[in-house]
2 protein chains.
Amino acid sequence: MESEGQSRAEKSSSSSERRPRVRRNVTVAIAQDICADRYPSGSPLPRENDLCELYGVSRTVIRESLKVLESKGLVRGKPRVGTTVCDRDEWNILDAEVLEWMGPYIKDFDLLGCILEARRTIEPAAAEYAAERASAQEIADLDKAWRQMRDSAGEPESFTDADVMFHTVLLTASHNQVFRRLSSAIHAALQYALHASNIAVENREDAVLVHGQLVEALRMRDKAGARECANRMLDLAVRDLAAAEKAIGRTK
Amino acid sequence: MESEGQSRAEKSSSSSERRPRVRRNVTVAIAQDICADRYPSGSPLPRENDLCELYGVSRTVIRESLKVLESKGLVRGKPRVGTTVCDRDEWNILDAEVLEWMGPYIKDFDLLGCILEARRTIEPAAAEYAAERASAQEIADLDKAWRQMRDSAGEPESFTDADVMFHTVLLTASHNQVFRRLSSAIHAALQYALHASNIAVENREDAVLVHGQLVEALRMRDKAGARECANRMLDLAVRDLAAAEKAIGRTK
DNA sequence: AGGTGGTGAGTTTGGTGATCTTCATCGCGG
DNA sequence: CCGCGATGAAGATCACCAAACTCACCACCT
(Lines give C-alpha, C1' and ligand atoms only; values in the text may rest on other atoms or scores of the structure.)
Protein backbone atom coordinates (compact mmCIF):
# COMPACT_ATOMS: atom_id res chain seq x y z
CA MET A 1 0.00 0.00 0.00
CA GLU A 2 1.81 2.98 1.27
CA SER A 3 4.95 1.15 0.25
CA GLU A 4 6.83 2.45 3.27
CA GLY A 5 10.41 3.64 3.27
CA GLN A 6 12.20 3.77 -0.03
CA SER A 7 9.66 3.24 -2.69
CA ARG A 8 11.75 3.90 -5.73
CA ALA A 9 13.87 6.95 -5.20
CA GLU A 10 17.54 6.15 -5.02
CA LYS A 11 18.02 7.58 -1.61
CA SER A 12 19.11 4.10 -0.69
CA SER A 13 22.14 4.32 -2.97
CA SER A 14 23.84 6.50 -0.41
CA SER A 15 26.99 4.46 -0.31
CA SER A 16 28.89 6.90 -2.49
CA GLU A 17 26.62 9.89 -1.95
CA ARG A 18 27.35 11.26 1.44
CA ARG A 19 25.11 14.23 0.98
CA PRO A 20 21.36 13.95 0.76
CA ARG A 21 20.89 16.05 -2.37
CA VAL A 22 17.31 15.03 -2.11
CA ARG A 23 15.68 17.41 -4.53
CA ARG A 24 17.99 16.65 -7.40
CA ASN A 25 17.58 12.94 -6.98
CA VAL A 26 13.85 13.18 -6.86
CA THR A 27 13.81 15.32 -9.97
CA VAL A 28 15.77 12.84 -12.01
CA ALA A 29 13.76 9.97 -10.57
CA ILE A 30 10.51 11.50 -11.73
CA ALA A 31 12.01 12.52 -15.05
CA GLN A 32 13.26 9.03 -15.71
CA ASP A 33 9.95 7.53 -14.75
CA ILE A 34 8.40 9.80 -17.33
CA CYS A 35 10.96 8.87 -19.96
CA ALA A 36 10.40 5.22 -19.19
CA ASP A 37 6.76 5.78 -19.98
CA ARG A 38 5.79 4.85 -16.49
CA TYR A 39 3.75 8.01 -16.67
CA PRO A 40 2.60 8.00 -20.30
CA SER A 41 2.55 11.27 -22.12
CA GLY A 42 -0.77 12.99 -21.94
CA SER A 43 -1.93 11.41 -18.74
CA PRO A 44 -1.89 12.96 -15.33
CA LEU A 45 0.77 12.42 -12.71
CA PRO A 46 -0.31 11.29 -9.28
CA ARG A 47 -1.34 14.01 -6.89
CA GLU A 48 1.45 15.85 -5.17
CA ASN A 49 0.65 14.20 -1.85
CA ASP A 50 0.86 10.78 -3.45
CA LEU A 51 4.14 11.66 -5.07
CA CYS A 52 5.43 12.56 -1.62
CA GLU A 53 4.83 9.03 -0.47
CA LEU A 54 5.96 7.44 -3.70
CA TYR A 55 9.32 9.12 -3.57
CA GLY A 56 9.55 9.39 0.17
CA VAL A 57 10.08 13.14 0.43
CA SER A 58 8.15 16.13 1.57
CA ARG A 59 5.75 18.02 -0.61
CA THR A 60 8.02 21.03 -0.88
CA VAL A 61 10.62 18.92 -2.58
CA ILE A 62 8.06 17.42 -4.92
CA ARG A 63 6.85 20.84 -5.83
CA GLU A 64 10.30 22.16 -6.58
CA SER A 65 10.98 19.14 -8.71
CA LEU A 66 7.75 19.58 -10.63
CA LYS A 67 8.58 23.21 -11.24
CA VAL A 68 11.89 22.24 -12.75
CA LEU A 69 10.28 19.56 -14.87
CA GLU A 70 7.69 22.03 -15.97
CA SER A 71 10.31 24.58 -16.88
CA LYS A 72 11.79 22.05 -19.25
CA GLY A 73 8.49 21.25 -20.85
CA LEU A 74 8.17 17.69 -19.60
CA VAL A 75 5.01 18.34 -17.64
CA ARG A 76 2.42 21.02 -17.45
CA GLY A 77 0.88 21.81 -14.09
CA LYS A 78 -2.55 23.30 -14.15
CA PRO A 79 -3.84 25.02 -11.04
CA ARG A 80 -6.09 22.74 -9.07
CA VAL A 81 -6.48 20.05 -11.68
CA GLY A 82 -3.16 18.33 -11.54
CA THR A 83 0.09 17.87 -13.41
CA THR A 84 0.02 16.14 -16.76
CA VAL A 85 2.85 14.81 -18.85
CA CYS A 86 3.37 16.86 -21.98
CA ASP A 87 3.55 15.45 -25.43
CA ARG A 88 7.07 14.59 -26.37
CA ASP A 89 7.45 17.20 -29.01
CA GLU A 90 6.92 19.87 -26.40
CA TRP A 91 9.92 18.74 -24.43
CA ASN A 92 13.01 20.84 -24.40
CA ILE A 93 15.09 18.22 -26.07
CA LEU A 94 17.99 20.60 -26.50
CA ASP A 95 18.39 20.91 -22.76
CA ALA A 96 21.40 19.07 -21.46
CA GLU A 97 19.64 17.77 -18.40
CA VAL A 98 16.67 16.50 -20.34
CA LEU A 99 18.95 14.61 -22.66
CA GLU A 100 20.74 13.17 -19.69
CA TRP A 101 17.48 12.04 -18.14
CA MET A 102 16.40 10.40 -21.36
CA GLY A 103 19.66 8.51 -21.26
CA PRO A 104 19.11 5.03 -22.60
CA TYR A 105 15.53 5.79 -23.56
CA ILE A 106 16.79 8.22 -26.14
CA LYS A 107 16.38 5.67 -28.87
CA ASP A 108 12.65 5.51 -28.20
CA PHE A 109 12.32 9.11 -29.31
CA ASP A 110 13.77 8.73 -32.78
CA LEU A 111 15.93 11.62 -31.80
CA LEU A 112 19.17 10.10 -32.96
CA GLY A 113 18.27 10.40 -36.60
CA CYS A 114 17.17 13.98 -36.09
CA ILE A 115 20.35 14.87 -34.31
CA LEU A 116 22.46 13.30 -36.98
CA GLU A 117 20.54 15.16 -39.63
CA ALA A 118 21.05 18.38 -37.72
CA ARG A 119 24.73 17.65 -37.39
CA ARG A 120 25.02 17.13 -41.13
CA THR A 121 23.57 20.54 -41.55
CA ILE A 122 25.33 22.35 -38.79
CA GLU A 123 28.75 20.91 -38.25
CA PRO A 124 30.13 21.68 -41.71
CA ALA A 125 29.04 25.26 -41.28
CA ALA A 126 30.42 25.36 -37.76
CA ALA A 127 33.71 24.01 -39.04
CA GLU A 128 33.82 26.73 -41.62
CA TYR A 129 33.20 29.43 -39.05
CA ALA A 130 35.72 27.82 -36.76
CA ALA A 131 38.25 27.99 -39.56
CA GLU A 132 38.07 31.73 -39.53
CA ARG A 133 37.40 32.36 -35.86
CA ALA A 134 39.02 29.68 -33.73
CA SER A 135 41.50 31.00 -31.20
CA ALA A 136 44.90 29.45 -30.78
CA GLN A 137 43.74 28.01 -27.49
CA GLU A 138 40.73 26.39 -29.09
CA ILE A 139 42.83 24.85 -31.82
CA ALA A 140 45.16 23.58 -29.15
CA ASP A 141 42.23 22.05 -27.29
CA LEU A 142 41.02 20.40 -30.45
CA ASP A 143 44.46 19.05 -31.05
CA LYS A 144 44.58 17.70 -27.53
CA ALA A 145 41.23 16.00 -27.93
CA TRP A 146 42.38 14.58 -31.23
CA ARG A 147 45.55 13.20 -29.73
CA GLN A 148 43.54 11.60 -26.99
CA MET A 149 41.37 9.95 -29.61
CA ARG A 150 44.41 8.73 -31.45
CA ASP A 151 46.12 7.40 -28.36
CA SER A 152 43.19 5.70 -26.71
CA ALA A 153 43.46 2.63 -28.83
CA GLY A 154 42.05 0.07 -26.49
CA GLU A 155 39.97 2.36 -24.33
CA PRO A 156 36.52 2.92 -25.82
CA GLU A 157 35.61 5.01 -22.78
CA SER A 158 38.45 7.40 -23.33
CA PHE A 159 37.87 7.46 -27.07
CA THR A 160 34.25 8.44 -26.61
CA ASP A 161 35.08 11.17 -24.15
CA ALA A 162 37.68 12.57 -26.48
CA ASP A 163 35.32 12.46 -29.43
CA VAL A 164 32.62 14.26 -27.50
CA MET A 165 35.13 16.82 -26.33
CA PHE A 166 36.35 17.33 -29.88
CA HIS A 167 32.93 18.16 -31.22
CA THR A 168 32.07 20.34 -28.26
CA VAL A 169 35.21 22.39 -28.73
CA LEU A 170 34.58 22.56 -32.44
CA LEU A 171 31.16 24.06 -31.88
CA THR A 172 32.56 26.44 -29.31
CA ALA A 173 35.25 27.48 -31.77
CA SER A 174 32.60 28.45 -34.27
CA HIS A 175 31.93 31.31 -31.89
CA ASN A 176 28.26 31.03 -32.51
CA GLN A 177 26.23 30.73 -29.34
CA VAL A 178 23.41 28.88 -31.03
CA PHE A 179 25.68 26.21 -32.41
CA ARG A 180 27.51 25.98 -29.15
CA ARG A 181 24.31 25.19 -27.32
CA LEU A 182 23.71 22.19 -29.52
CA SER A 183 26.76 20.46 -28.16
CA SER A 184 24.68 18.83 -25.43
CA ALA A 185 22.54 17.15 -28.04
CA ILE A 186 25.57 15.97 -29.95
CA HIS A 187 27.06 14.83 -26.70
CA ALA A 188 24.05 12.67 -25.95
CA ALA A 189 23.91 11.23 -29.42
CA LEU A 190 27.59 10.43 -29.58
CA GLN A 191 27.53 8.93 -26.14
CA TYR A 192 24.80 6.62 -27.26
CA ALA A 193 26.08 5.73 -30.68
CA LEU A 194 29.63 5.15 -29.59
CA HIS A 195 28.58 3.30 -26.52
CA ALA A 196 26.03 1.07 -28.15
CA SER A 197 28.23 -0.18 -30.93
CA ASN A 198 31.71 -0.56 -29.72
CA ILE A 199 32.71 0.73 -33.08
CA ALA A 200 34.92 -1.38 -35.22
CA VAL A 201 38.59 -0.53 -35.02
CA GLU A 202 38.99 0.42 -38.65
CA ASN A 203 36.11 2.89 -38.33
CA ARG A 204 37.86 4.42 -35.42
CA GLU A 205 41.03 4.75 -37.37
CA ASP A 206 39.19 6.47 -40.18
CA ALA A 207 37.64 8.82 -37.66
CA VAL A 208 40.98 9.69 -36.13
CA LEU A 209 42.36 10.42 -39.57
CA VAL A 210 39.58 12.76 -40.56
CA HIS A 211 39.51 14.52 -37.22
CA GLY A 212 43.21 15.16 -37.57
CA GLN A 213 42.75 16.56 -41.03
CA LEU A 214 40.08 18.88 -39.70
CA VAL A 215 42.41 20.24 -37.06
CA GLU A 216 44.99 20.80 -39.74
CA ALA A 217 42.50 22.62 -41.92
CA LEU A 218 41.51 24.88 -39.04
CA ARG A 219 45.13 25.62 -38.37
CA MET A 220 45.51 26.65 -41.99
CA ARG A 221 42.33 28.69 -41.81
CA ASP A 222 41.13 26.64 -44.74
CA LYS A 223 37.40 27.07 -44.73
CA ALA A 224 36.61 24.83 -47.67
CA GLY A 225 38.89 22.13 -46.33
CA ALA A 226 37.33 22.31 -42.90
CA ARG A 227 33.85 21.97 -44.34
CA GLU A 228 34.95 19.04 -46.43
CA CYS A 229 36.48 17.29 -43.44
CA ALA A 230 33.37 17.84 -41.39
CA ASN A 231 31.32 16.28 -44.12
CA ARG A 232 33.53 13.26 -44.25
CA MET A 233 33.41 13.00 -40.47
CA LEU A 234 29.66 12.90 -40.66
CA ASP A 235 29.68 10.22 -43.30
CA LEU A 236 31.49 8.11 -40.76
CA ALA A 237 29.01 9.11 -38.09
CA VAL A 238 26.17 7.93 -40.29
CA ARG A 239 27.89 4.62 -40.66
CA ASP A 240 28.46 4.38 -36.90
CA LEU A 241 24.87 5.15 -36.07
CA ALA A 242 23.65 2.57 -38.53
CA ALA A 243 26.01 0.05 -36.97
CA ALA A 244 24.85 0.99 -33.48
CA GLU A 245 21.22 0.61 -34.39
CA LYS A 246 21.84 -2.70 -36.04
CA ALA A 247 23.74 -3.85 -32.97
CA ILE A 248 20.90 -2.81 -30.69
CA GLY A 249 18.37 -4.42 -32.95
CA ARG A 250 20.32 -7.63 -32.80
CA THR A 251 20.80 -7.73 -29.07
CA LYS A 252 17.20 -6.79 -28.57
CA MET B 1 23.92 52.94 -8.84
CA GLU B 2 20.89 50.82 -8.54
CA SER B 3 18.75 53.73 -9.66
CA GLU B 4 15.53 52.89 -7.91
CA GLY B 5 14.42 49.88 -5.99
CA GLN B 6 11.21 49.27 -7.81
CA SER B 7 11.86 46.72 -10.53
CA ARG B 8 10.14 44.02 -8.62
CA ALA B 9 6.93 42.23 -8.96
CA GLU B 10 3.76 44.03 -8.09
CA LYS B 11 3.63 43.44 -4.40
CA SER B 12 0.73 45.82 -4.50
CA SER B 13 0.19 46.02 -0.79
CA SER B 14 -3.09 47.65 -1.61
CA SER B 15 -6.56 46.45 -0.82
CA SER B 16 -7.56 43.75 -3.27
CA GLU B 17 -4.27 41.87 -3.04
CA ARG B 18 -4.81 39.48 -5.88
CA ARG B 19 -2.07 36.94 -6.13
CA PRO B 20 -2.62 34.29 -8.73
CA ARG B 21 0.70 33.74 -10.48
CA VAL B 22 3.08 34.86 -7.83
CA ARG B 23 5.78 32.38 -8.53
CA ARG B 24 5.77 32.94 -12.24
CA ASN B 25 5.91 36.67 -11.82
CA VAL B 26 8.73 36.48 -9.34
CA THR B 27 10.66 34.20 -11.63
CA VAL B 28 10.46 36.57 -14.54
CA ALA B 29 11.19 39.51 -12.29
CA ILE B 30 14.41 37.96 -11.08
CA ALA B 31 15.28 36.78 -14.56
CA GLN B 32 14.81 40.20 -16.00
CA ASP B 33 16.80 41.80 -13.22
CA ILE B 34 19.57 39.42 -14.16
CA CYS B 35 19.24 40.21 -17.85
CA ALA B 36 19.29 43.90 -17.04
CA ASP B 37 22.60 43.31 -15.34
CA ARG B 38 21.23 44.44 -12.03
CA TYR B 39 22.82 41.26 -10.79
CA PRO B 40 25.98 41.10 -12.88
CA SER B 41 27.09 37.75 -14.13
CA GLY B 42 29.54 36.05 -11.86
CA SER B 43 28.48 37.81 -8.70
CA PRO B 44 26.27 36.39 -6.00
CA LEU B 45 22.59 37.07 -5.66
CA PRO B 46 21.31 38.37 -2.35
CA ARG B 47 20.54 35.78 0.26
CA GLU B 48 17.28 33.97 -0.09
CA ASN B 49 15.84 35.73 2.92
CA ASP B 50 16.73 39.09 1.42
CA LEU B 51 15.17 38.11 -1.88
CA CYS B 52 12.01 37.33 0.03
CA GLU B 53 11.81 40.90 1.17
CA LEU B 54 12.99 42.37 -2.11
CA TYR B 55 10.27 40.68 -4.07
CA GLY B 56 7.74 40.54 -1.29
CA VAL B 57 7.11 36.82 -1.31
CA SER B 58 7.81 33.86 0.89
CA ARG B 59 10.99 31.90 0.83
CA THR B 60 9.34 28.89 -0.77
CA VAL B 61 8.45 30.93 -3.80
CA ILE B 62 11.94 32.36 -4.01
CA ARG B 63 13.41 28.90 -3.83
CA GLU B 64 11.16 27.51 -6.52
CA SER B 65 12.02 30.44 -8.72
CA LEU B 66 15.72 29.94 -8.15
CA LYS B 67 15.37 26.27 -8.99
CA VAL B 68 13.74 27.14 -12.28
CA LEU B 69 16.38 29.74 -13.04
CA GLU B 70 19.03 27.24 -12.15
CA SER B 71 17.50 24.64 -14.40
CA LYS B 72 17.87 27.03 -17.28
CA GLY B 73 21.46 27.80 -16.49
CA LEU B 74 21.02 31.41 -15.44
CA VAL B 75 22.24 30.89 -11.93
CA ARG B 76 24.07 28.24 -10.04
CA GLY B 77 23.19 27.59 -6.42
CA LYS B 78 25.84 26.17 -4.20
CA PRO B 79 24.83 24.54 -0.92
CA ARG B 80 25.22 26.93 1.96
CA VAL B 81 27.28 29.50 0.15
CA GLY B 82 24.75 31.23 -2.01
CA THR B 83 23.45 31.56 -5.53
CA THR B 84 25.61 33.16 -8.18
CA VAL B 85 24.74 34.37 -11.64
CA CYS B 86 26.24 32.19 -14.32
CA ASP B 87 28.29 33.45 -17.18
CA ARG B 88 26.14 34.23 -20.16
CA ASP B 89 27.44 31.50 -22.36
CA GLU B 90 26.18 28.97 -19.87
CA TRP B 91 22.62 30.16 -20.28
CA ASN B 92 20.14 28.00 -22.08
CA ILE B 93 19.62 30.53 -24.79
CA LEU B 94 17.59 28.09 -26.84
CA ASP B 95 14.93 27.94 -24.17
CA ALA B 96 11.80 29.82 -25.14
CA GLU B 97 11.29 31.28 -21.70
CA VAL B 98 14.84 32.49 -21.41
CA LEU B 99 14.55 34.22 -24.75
CA GLU B 100 11.33 35.79 -23.60
CA TRP B 101 12.91 37.04 -20.40
CA MET B 102 15.80 38.56 -22.30
CA GLY B 103 13.23 40.39 -24.36
CA PRO B 104 14.54 43.82 -25.14
CA TYR B 105 17.92 43.08 -23.64
CA ILE B 106 18.51 40.52 -26.35
CA LYS B 107 20.57 42.95 -28.32
CA ASP B 108 23.06 43.19 -25.46
CA PHE B 109 23.95 39.56 -25.95
CA ASP B 110 25.01 39.77 -29.58
CA LEU B 111 22.67 36.89 -30.05
CA LEU B 112 20.91 38.32 -33.04
CA GLY B 113 23.91 37.88 -35.28
CA CYS B 114 24.38 34.35 -34.04
CA ILE B 115 20.78 33.47 -34.63
CA LEU B 116 20.84 34.90 -38.11
CA GLU B 117 23.98 32.96 -38.86
CA ALA B 118 22.32 29.82 -37.56
CA ARG B 119 19.27 30.50 -39.65
CA ARG B 120 21.42 30.85 -42.76
CA THR B 121 22.74 27.43 -42.03
CA ILE B 122 19.61 25.73 -40.91
CA GLU B 123 16.64 27.15 -42.74
CA PRO B 124 17.75 26.19 -46.23
CA ALA B 125 18.27 22.65 -45.06
CA ALA B 126 14.97 22.69 -43.21
CA ALA B 127 13.25 23.95 -46.34
CA GLU B 128 14.75 21.10 -48.29
CA TYR B 129 13.57 18.53 -45.79
CA ALA B 130 10.19 20.21 -45.68
CA ALA B 131 9.98 19.86 -49.44
CA GLU B 132 10.05 16.13 -49.14
CA ARG B 133 8.25 15.68 -45.84
CA ALA B 134 5.69 18.42 -45.33
CA SER B 135 2.17 17.18 -44.87
CA ALA B 136 -0.71 18.69 -46.79
CA GLN B 137 -1.86 20.29 -43.57
CA GLU B 138 1.49 21.90 -43.00
CA ILE B 139 1.62 23.27 -46.49
CA ALA B 140 -1.86 24.64 -45.97
CA ASP B 141 -0.74 26.28 -42.73
CA LEU B 142 2.22 27.81 -44.48
CA ASP B 143 -0.03 29.08 -47.19
CA LYS B 144 -2.34 30.56 -44.60
CA ALA B 145 0.53 32.31 -42.86
CA TRP B 146 1.77 33.56 -46.21
CA ARG B 147 -1.63 34.97 -47.13
CA GLN B 148 -1.78 36.71 -43.79
CA MET B 149 1.60 38.28 -44.51
CA ARG B 150 0.43 39.36 -47.92
CA ASP B 151 -2.84 40.80 -46.68
CA SER B 152 -1.57 42.62 -43.61
CA ALA B 153 -0.41 45.61 -45.57
CA GLY B 154 -0.77 48.28 -42.97
CA GLU B 155 -0.54 46.11 -39.90
CA PRO B 156 3.05 45.56 -38.82
CA GLU B 157 1.80 43.61 -35.83
CA SER B 158 -0.09 41.17 -37.95
CA PHE B 159 2.74 40.95 -40.46
CA THR B 160 5.23 40.04 -37.77
CA ASP B 161 2.98 37.39 -36.28
CA ALA B 162 2.43 35.86 -39.66
CA ASP B 163 6.12 35.88 -40.45
CA VAL B 164 6.97 34.20 -37.16
CA MET B 165 4.25 31.67 -37.74
CA PHE B 166 5.54 30.97 -41.24
CA HIS B 167 9.02 30.15 -40.06
CA THR B 168 7.78 28.11 -37.13
CA VAL B 169 5.61 26.00 -39.38
CA LEU B 170 8.45 25.65 -41.85
CA LEU B 171 10.72 24.23 -39.18
CA THR B 172 7.96 21.95 -37.97
CA ALA B 173 7.41 20.77 -41.52
CA SER B 174 11.04 19.73 -41.74
CA HIS B 175 10.00 16.97 -39.34
CA ASN B 176 13.24 17.29 -37.50
CA GLN B 177 12.82 17.75 -33.78
CA VAL B 178 16.09 19.57 -33.38
CA PHE B 179 15.25 22.13 -36.02
CA ARG B 180 11.79 22.49 -34.64
CA ARG B 181 13.12 23.40 -31.23
CA LEU B 182 15.02 26.30 -32.70
CA SER B 183 11.84 28.06 -33.65
CA SER B 184 11.76 29.84 -30.31
CA ALA B 185 15.09 31.45 -31.06
CA ILE B 186 13.96 32.48 -34.49
CA HIS B 187 10.77 33.75 -32.96
CA ALA B 188 12.67 35.99 -30.58
CA ALA B 189 15.00 37.28 -33.26
CA LEU B 190 12.24 38.00 -35.74
CA GLN B 191 10.15 39.65 -33.10
CA TYR B 192 13.00 41.94 -32.33
CA ALA B 193 14.17 42.66 -35.84
CA LEU B 194 10.75 43.23 -37.29
CA HIS B 195 9.63 45.22 -34.33
CA ALA B 196 12.66 47.43 -34.06
CA SER B 197 12.75 48.51 -37.68
CA ASN B 198 9.27 48.91 -38.95
CA ILE B 199 10.61 47.47 -42.13
CA ALA B 200 10.26 49.46 -45.29
CA VAL B 201 7.31 48.55 -47.41
CA GLU B 202 9.29 47.45 -50.43
CA ASN B 203 11.28 45.06 -48.26
CA ARG B 204 8.07 43.62 -47.04
CA GLU B 205 6.85 43.13 -50.56
CA ASP B 206 10.03 41.32 -51.48
CA ALA B 207 9.59 39.12 -48.45
CA VAL B 208 6.02 38.26 -49.34
CA LEU B 209 7.12 37.35 -52.84
CA VAL B 210 9.86 35.01 -51.75
CA HIS B 211 7.77 33.41 -49.04
CA GLY B 212 5.11 32.70 -51.61
CA GLN B 213 7.64 31.14 -53.94
CA LEU B 214 8.83 28.94 -51.13
CA VAL B 215 5.33 27.66 -50.50
CA GLU B 216 5.02 26.93 -54.17
CA ALA B 217 8.30 25.05 -54.21
CA LEU B 218 7.18 22.94 -51.25
CA ARG B 219 3.96 22.18 -52.99
CA MET B 220 5.93 20.98 -55.99
CA ARG B 221 8.24 18.98 -53.73
CA ASP B 222 11.06 20.93 -55.34
CA LYS B 223 13.94 20.57 -52.93
CA ALA B 224 16.43 22.70 -54.80
CA GLY B 225 13.88 25.41 -55.35
CA ALA B 226 12.92 25.41 -51.67
CA ARG B 227 16.51 25.74 -50.61
CA GLU B 228 17.04 28.53 -53.06
CA CYS B 229 14.00 30.41 -51.80
CA ALA B 230 15.11 30.00 -48.21
CA ASN B 231 18.44 31.48 -49.11
CA ARG B 232 16.85 34.45 -50.73
CA MET B 233 14.56 34.89 -47.73
CA LEU B 234 17.59 35.03 -45.52
CA ASP B 235 19.28 37.59 -47.71
CA LEU B 236 16.32 39.77 -46.97
CA ALA B 237 16.52 38.93 -43.28
CA VAL B 238 20.14 40.06 -43.24
CA ARG B 239 19.08 43.33 -44.75
CA ASP B 240 16.28 43.71 -42.22
CA LEU B 241 18.51 43.04 -39.27
CA ALA B 242 21.05 45.55 -40.52
CA ALA B 243 18.27 48.09 -40.90
CA ALA B 244 16.96 47.33 -37.45
CA GLU B 245 20.35 47.72 -35.86
CA LYS B 246 20.97 50.96 -37.68
CA ALA B 247 17.56 52.19 -36.55
CA ILE B 248 18.28 51.30 -32.96
CA GLY B 249 21.70 52.84 -33.17
CA ARG B 250 20.15 56.04 -34.42
CA THR B 251 17.41 56.33 -31.87
CA LYS B 252 19.79 55.38 -29.10
C1' DA C 1 -42.70 15.19 -13.47
C1' DG C 2 -38.31 15.73 -15.63
C1' DG C 3 -34.45 18.33 -17.08
C1' DT C 4 -31.56 22.34 -16.20
C1' DG C 5 -28.88 25.18 -13.56
C1' DG C 6 -27.09 27.21 -9.31
C1' DT C 7 -24.90 26.27 -5.02
C1' DG C 8 -22.05 24.39 -1.62
C1' DA C 9 -18.92 20.93 0.13
C1' DG C 10 -14.77 18.74 -0.87
C1' DT C 11 -10.47 18.34 -3.17
C1' DT C 12 -6.07 19.86 -4.96
C1' DT C 13 -2.61 23.04 -6.03
C1' DG C 14 -0.60 27.82 -4.79
C1' DG C 15 1.58 30.31 -1.15
C1' DT C 16 3.21 31.40 3.75
C1' DG C 17 5.98 31.00 7.79
C1' DA C 18 8.11 28.57 11.45
C1' DT C 19 11.38 25.03 12.64
C1' DC C 20 15.00 21.72 12.33
C1' DT C 21 19.19 19.99 10.07
C1' DT C 22 23.44 20.23 7.79
C1' DC C 23 27.68 22.09 6.60
C1' DA C 24 30.90 25.91 4.79
C1' DT C 25 33.29 29.63 6.67
C1' DC C 26 35.60 32.23 9.94
C1' DG C 27 37.63 33.49 14.11
C1' DC C 28 39.32 32.02 18.49
C1' DG C 29 42.34 29.52 21.31
C1' DG C 30 45.56 25.85 22.06
C1' DC D 1 50.10 26.91 12.69
C1' DC D 2 46.43 24.00 13.17
C1' DG D 3 42.13 22.43 14.72
C1' DC D 4 37.76 23.30 16.90
C1' DG D 5 33.59 25.39 17.81
C1' DA D 6 30.35 29.40 16.86
C1' DT D 7 27.80 31.33 13.23
C1' DG D 8 25.05 31.77 9.52
C1' DA D 9 22.91 30.41 5.27
C1' DA D 10 20.89 26.91 2.47
C1' DG D 11 18.46 22.25 2.44
C1' DA D 12 14.33 20.02 4.00
C1' DT D 13 9.98 19.26 6.61
C1' DC D 14 5.64 20.51 8.60
C1' DA D 15 1.39 22.68 9.39
C1' DC D 16 -1.62 26.04 7.68
C1' DC D 17 -4.40 29.09 4.88
C1' DA D 18 -6.23 30.63 0.32
C1' DA D 19 -8.21 30.05 -4.04
C1' DA D 20 -10.15 27.71 -7.69
C1' DC D 21 -11.87 23.68 -9.92
C1' DT D 22 -15.08 19.31 -9.51
C1' DC D 23 -18.97 17.17 -8.67
C1' DA D 24 -23.07 16.04 -6.80
C1' DC D 25 -27.27 17.41 -4.98
C1' DC D 26 -31.32 19.90 -4.78
C1' DA D 27 -34.50 23.44 -6.05
C1' DC D 28 -36.75 25.69 -9.62
C1' DC D 29 -38.55 26.35 -14.16
C1' DT D 30 -40.84 24.45 -18.21
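The figures that follow rest on heavy atoms only: side chains count, while hydrogens, waters and symmetry mates do not. Just so we're on the same page: letters track the sequence lines, and every chain starts at 1.
D89(A) is linked by a salt bridge (Lys or Arg N to Asp or Glu O under 4.0 Å) to nothing, counting only residues two or more places apart in sequence or in another chain. With sequence neighbours excluded, no residue satisfies side-chain hydrogen bond (donor to acceptor under 3.5 Å, both in side chains) with T84(B). Applying the side-chain contact (heavy atoms from CB on, under 4.5 Å) rule to E100(A) yields no partners; only residues at least two apart in sequence or on another chain are considered. For E97(A), the side-chain hydrogen bond (donor to acceptor under 3.5 Å, both in side chains) partners at least two apart in sequence or on another chain are K72(A). Under the side-chain hydrogen bond (donor to acceptor under 3.5 Å, both in side chains) criterion, D141(A) pairs with Q137(A), sequence neighbours left out. Checked against side-chain hydrogen bond (donor to acceptor under 3.5 Å, both in side chains), E90(A) has the following partners two or more places apart in sequence or in another chain: R76(A).
The residue among R24(B) and R47(A) whose nearest nucleotide of DNA chain C lies closer to the 5′ end is R47(A).
Legend: ring pair (Phe, Tyr, Trp, His ring centres under 6.0 Å) pairs involving residues 73-111 of chain B, not counting sequence neighbours, sorted by first then second residue: W91(B)-F109(B). Residue pairs satisfying the salt bridge (Lys or Arg N to Asp or Glu O under 4.0 Å) criterion with at least one member in residues 157-175 of chain B, sequence neighbours excluded, are absent.
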Show the distances under 3.5 angstrom between N or O atoms of the protein and N or O atoms of nucleotides 6-8 of chain C.
none

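As rounded to whole Å, 13 Å separates atom C1' of dT13(D) from atom CG of N49(A). Atom pair D50(B):CG and dG8(D):C1' shows a separation of 12 Å (rounding to whole Å applied). The separation between R23(A) atom CZ and dT22(C) atom C1' is 17 Å, rounded to whole Å. Distance CZ (R80(B)) to C1' (dT21(C)): 9 Å, rounded to an integer number of Å. Distance, K78(B) NZ to dA24(C) C1': 10 Å, rounded to whole Å. As a whole-Å value, the separation of E48(B) CD from dG17(C) P is 15 Å. Between the P atom of dA9(D) and the CG atom of L51(B) lies a distance of 12 Å, rounded to the nearest Å.
Contacts between residues 58-72 of chain B and DNA chain D, counted as heavy-atom distances below 4.0 Å, involve R59(B), R63(B).
In this structure a side-chain-to-backbone donor-acceptor pair under 3.5 Å is present from N176(A) to C114(B).
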Taking Watson-Crick and G-U wobble contacts under 3.5 angstrom, with | marking pairs to another strand and [ ] crossing pairs, the secondary structure of DNA chain D is written ||||||||||||||||||||||||||||||
Validation: residues 183-191 of chain A side-chain donor-acceptor distances under 3.5 Å, sequence neighbours left out:
residue, atom, partner, partner atom, Å
S183(A), OG, R180(A), O, 2.9
S184(A), OG, L94(A), O, 3.3
S184(A), OG, R181(A), O, 3.3

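The residues R59(B) and E64(A) are annotated as not salt-bridged, no charged nitrogen and carboxylate oxygen being separated by less than 4.0 angstrom.
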